[in-house]
Amino acid sequence: MLVFTLRRLNLFVFTLFLLTVLSFSLSFMFPGDPLVNISGEVNPTPTRLAELAEIYSKDQGLISQYFTYIGNIFSGEFGVSMVTDLSLLDTILSLLPATIELSLVALFIAMVFGIPLGFIAAIKHRKNSDNVILSIAMVGYSLPVFWVGLMAIQLFSIELGWFPSAGQISPVYEIESRYGILIIDILLSESTYKWQAFSDATLHLILPASVVALAPATIFVRLARTAMLEVLETPYIRAAKAKGLSFAQVVYSHAIRNALIMIVRHIGLQFANLITIAMITEVIFSWPGIGRWLIESIYQRDYTAIQVGLLVLSSFIFVVHILSDFLYAALNPLARGKKYGS
Amino acid sequence: MKKTKQLFTLQRYFAGLVSAMTLLMAGCSNDEDVSLREKSIIYCSEGSPESFNPQTVTSGTTIDAIANQLYNRLITFNSEDNSIIPAIAKSWHVTRDGKKVTFYLRKDIRFHHTDYFTPTRNLNADDVLFSFNRILDPKNPYHQVVSGNFPYFQNVNFTGLVENIEKINDYTVRISLNYPDASFLAHLASTYSVILSKEYADQLSRTGDEKLIDQLPIGTGPYKFKEYRTGSLIRYYQHEHYWQKTNNATQVVFDITTNNSGRLAKLLAGECDIVAYPIAHKKIQEFPDVMLESVTALNVAYLGFNTAKPPFNDKKVRQAVAHAVNKQAIIDAVYFGRAEQAKSVLPQSSWAYDKTLTEHEYDPALARALLIDAGYPDGLTIDVWAMPVQRAYNPDALTMAKLIQSDLQQIGITVNIVSYEWVTFLRKLSRGEHQSVLLGWSADHPDPDNFFSPLLSCASAETGSNRAFWCNQAFDEILSEALSTTNPNQRKAFYRQAMAIVKDEIPLLPIAHSKRYQAKANYITGKSLDAFGGVNLSRVNKQIVGEQ
């Protein structure tokens, strides 16, 4: 396990290094003054410009400029947005939780629906239910997310009126932000209307989270089906059957657990995909998350925000990858021998 | 109501479920019977405010969000007939020479009580003096915090007009003018002339936070400021000691939704109670739960002729064009039938409007005859400039220009449509490089002078807002006489003469007065939209949905 951990940490540090190099070089690649691009201060006075040059070590070589940049990032100095003048660190800290909330709920929905369906398909291998589930999964995977999002708003918000069409919570509720995760903030709040706010926030969450969940769910269906089929073919299942256990007993006590371990590995891999889908969904549902903010920043050519946003988002995805790798290794001792991350 | 009700029912169901769980777990529930949604009004607006003080801005979006919600003026306009009615001043008196105006203030007006300011006294003359001296006195520290930038007051030459403002006693204020001006009261009634709290200003001065006066507002209006999240929402609470009757909403939220279709979706899904500038009017009318409100705004779209250059220095050519333009076709194609055909620069809703006024009938044969009479039997070629941007008074100047092009083709006039980027367009226009131009005007207040002086006076021909470069001494004299009297009937007579001159001379051809739209859920009763000066949410009520 130690070698495994060291290797993963090594991978982590190296990838972060590449990410920061990319992010750092962006300030030179974007049009305009690199100093303005990196600090986000659009119209600095000559005095301020001199100060900025010192903060970012502009009078020294590229290498030391890079290390100053790294130092600034680790001390939380992300600069300010070129459009709003607000601190990027504060902005990201207020937006990232909303994205995490959306993605986690979507991941949960995708697993709760996708994995059991995949197992059912495997158990009913080559029967009608298998075919139906696979077809639905195929269709679900092929639909573009922006289309699904707009259709969901049209049907469930406008025609049926079941769910709200935009935002994280109705603006009438005044919830003090403590941890950024809205559901937790609501539960901690002392508002008289706490439970109304909670139900409102839940209603706001269901539609976008389901839209984000659609594509990963279809992938989980296929992963779970393949995993289960593989497990059912293994010698220990045959041995269990030979012992005289019924098929149901075999599935419950042996197959599901082992198939699940194989799926855990893929959850991490799916996460990057999930975040991409979440970014598009955030735009459609006006979800106040980091994805929508990043896409808006691209529209407005807010270079500082693009640099920092990309860095934070990709590091976040990478951290989730590593964590899921560790989880898999913890569950499956055989995996610890693998030298490279997935 | 079905859908909104469903949303509410679903929420109740959730709330019920959750409360039941809590009851089991904690043994108590602090949920109230009436949901917060039912006690709040959500207005989905099209943009963010620039400031929270109307004195310092002119943008319509900002005025809509703040002016009527947070503040009161000395006097205001009646939303029915646009006449001037008392507000903070319970009455006023204008001397016979029109140079001194005395205001008698109400004694029971209280300022907002918020977490950043606690008033110790009611509104009095000091507050009125402070509010206007801020604009008039360059040495006032509050004049400096916005670098003396009070755009509306500068446009109407307020400092030139007002000689001084004095306190007679705690509840009486006298304003002396350098010269009589009948539109002066209209300036004071406009949304820009709000009354601020001097006590609050003094508190801010003590800590050197003068800038906050425009960011953390204190007023006497029906709502008080609670929070503003940039680009996201503005939250107001009810002003519990408001001096007038207001609605049943405990809070008002401006949900800033810049995306047009997003605003529509929010209205249809029941997340907004009222939305500003709705799109897809036909679609809205298909839904039984929502309705479209409109008000004829005080504006005019016109075709202006440059009377300083040929061929439009010839009155007959202008008349020929006036008779050749089919205004009804323009209203149908450009405004989708949702505008009023203009007979004069003044809209019908203005009190000085002359109902007996006739317009230049659409008559191509007469137009052709006039053109031959003017000495152009073989026709001629002209330029029509079409503005490149959308405005409330003219949503599509290019289409309008194309329609005029085909109308004029019939009488033998060939039209070149010209357009530049907006800033260039305005610059070239003020230099008089055009022959004719499609443009418009939106009034700041309902005084008829606000239409005539900026558009057609000799002075404005010099400063540039008179795009016809038309200067008529007789007309100018009528305008100044109309301003020097306060008798409405006399003024009406003067403006009738003015309109007759304009109709005869046609320096510009008025085309349309467009409407302003707002869409709302049909459980909202009351009218919040004014012809000018934005929205006033204290006049609307929300019926409790569950009981319908």
Side-chain angles (χ1 to χ4, degrees), chain A residues 81 83-86 90-91 94-95 149-150 152-177 183 186-187 189-207 283-288 292-293 296 299-300, chain B residues 2-22 29-32 34-42 44 226-227 229-235 237 249-259 261-272 287 289:
Chain A
S81 155
V83 174
T84 59
D85 258 1
L86 295 172
D90 291 349
T91 313
S94 72
L95 296 173
L150 290 174
I153 290 178
Q154 175 69 28
L155 181 64
F156 294 105
S157 302
I158 295 177
E159 295 296 333
L160 296 170
W162 289 357
F163 300 106
S165 69
Q168 205 178 7
I169 186 169
S170 169
V172 300
Y173 300 105
E174 218 184 328
I175 301 298
E176 193 194 342
S177 177
I183 297 285
I186 291 175
L187 294 176
S189 91
E190 278 150 21
S191 162
T192 329
Y193 299 102
K194 186 165 151 178
W195 296 111
Q196 284 178 15
F198 183 76
S199 73
D200 190 77
T202 316
L203 279 176
H204 273 86
L205 185 58
I206 291 174
L207 211 52
V283 175
I284 297 170
F285 286 89
S286 306
W287 189 263
R292 175 169 156 240
W293 171 76
E296 265 170 22
Y299 268 121
Q300 296 171 331
Chain B
K2 202 179 88 218
K3 266 171 273 158
T4 328
K5 204 171 175 177
Q6 272 175 340
L7 190 64
F8 276 80
T9 323
L10 214 61
Q11 278 183 348
R12 285 222 173 116
Y13 171 75
F14 262 93
L17 200 73
V18 174
S19 317
M21 280 161 44
T22 338
S29 163
N30 44 11
D31 219 3
E32 287 203 355
V34 183
S35 83
L36 190 58
R37 280 290 301 275
E38 290 163 33
K39 292 196 282 185
S40 314
I41 289 176
I42 308 177
C44 287
K226 176 63 188 169
E227 79 172 305
R229 275 188 236 152
T230 323
S232 168
L233 64 85
I234 315 167
R235 188 188 308 281
Y237 281 176
T250 53
Q251 67 166 338
V252 163
V253 181
F254 281 73
D255 184 351
I256 299 161
T257 314
T258 47
N259 180 310
S261 48
R263 260 194 332 273
L264 184 63
K266 279 185 171 182
L267 174 73
L268 297 177
E271 294 154 73
C272 296
F287 283 83
D289 306 345

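Since we're looking at a predicted model, the values are computed, not measured. Scope of the values below: all heavy atoms of this structure, side chains included, with no hydrogens, waters or symmetry mates. Chain naming here is simple, since letters A, B, ... match the order of the sequence lines and numbering starts at 1 in each.
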Measure the spacing between OH of Tyr237(B) and CD of Glu174(A) and express it to the nearest 0.5 Å.
3.5 Å
Counting only non-hydrogen atoms closer than 4.5 Å, does Leu36(B) touch chain A with its backbone (N, CA, C, O), its side chain (CB onward), both, or neither?
both
Check whether any side-chain heavy atom of Arg37(B) sits under 4.5 Å from a side-chain heavy atom of Gln196(A), and report yes or no.
no
Quick one: what part of Ser165(A) sits under 4.5 Å from any heavy atom of chain B, side chain, backbone, both or neither?
both
Do you know the tightest heavy-atom contact between Ser40(B) and Val172(A)?
CB-CG1, 3.4 Å
Can you tell me how far the CD1 atom of Ile153(A) sits from the NZ atom of Lys266(B), to the nearest 0.5 Å?
10.5 Å
Ser170(A) side chain reached by Ile42(B) side chain, heavy atoms, under 4.5 Å:
yes
Kindly compute the distance separating NZ (Lys39(B)) from OH (Tyr193(A)), expressed to the nearest 0.5 Å.
2.5 Å
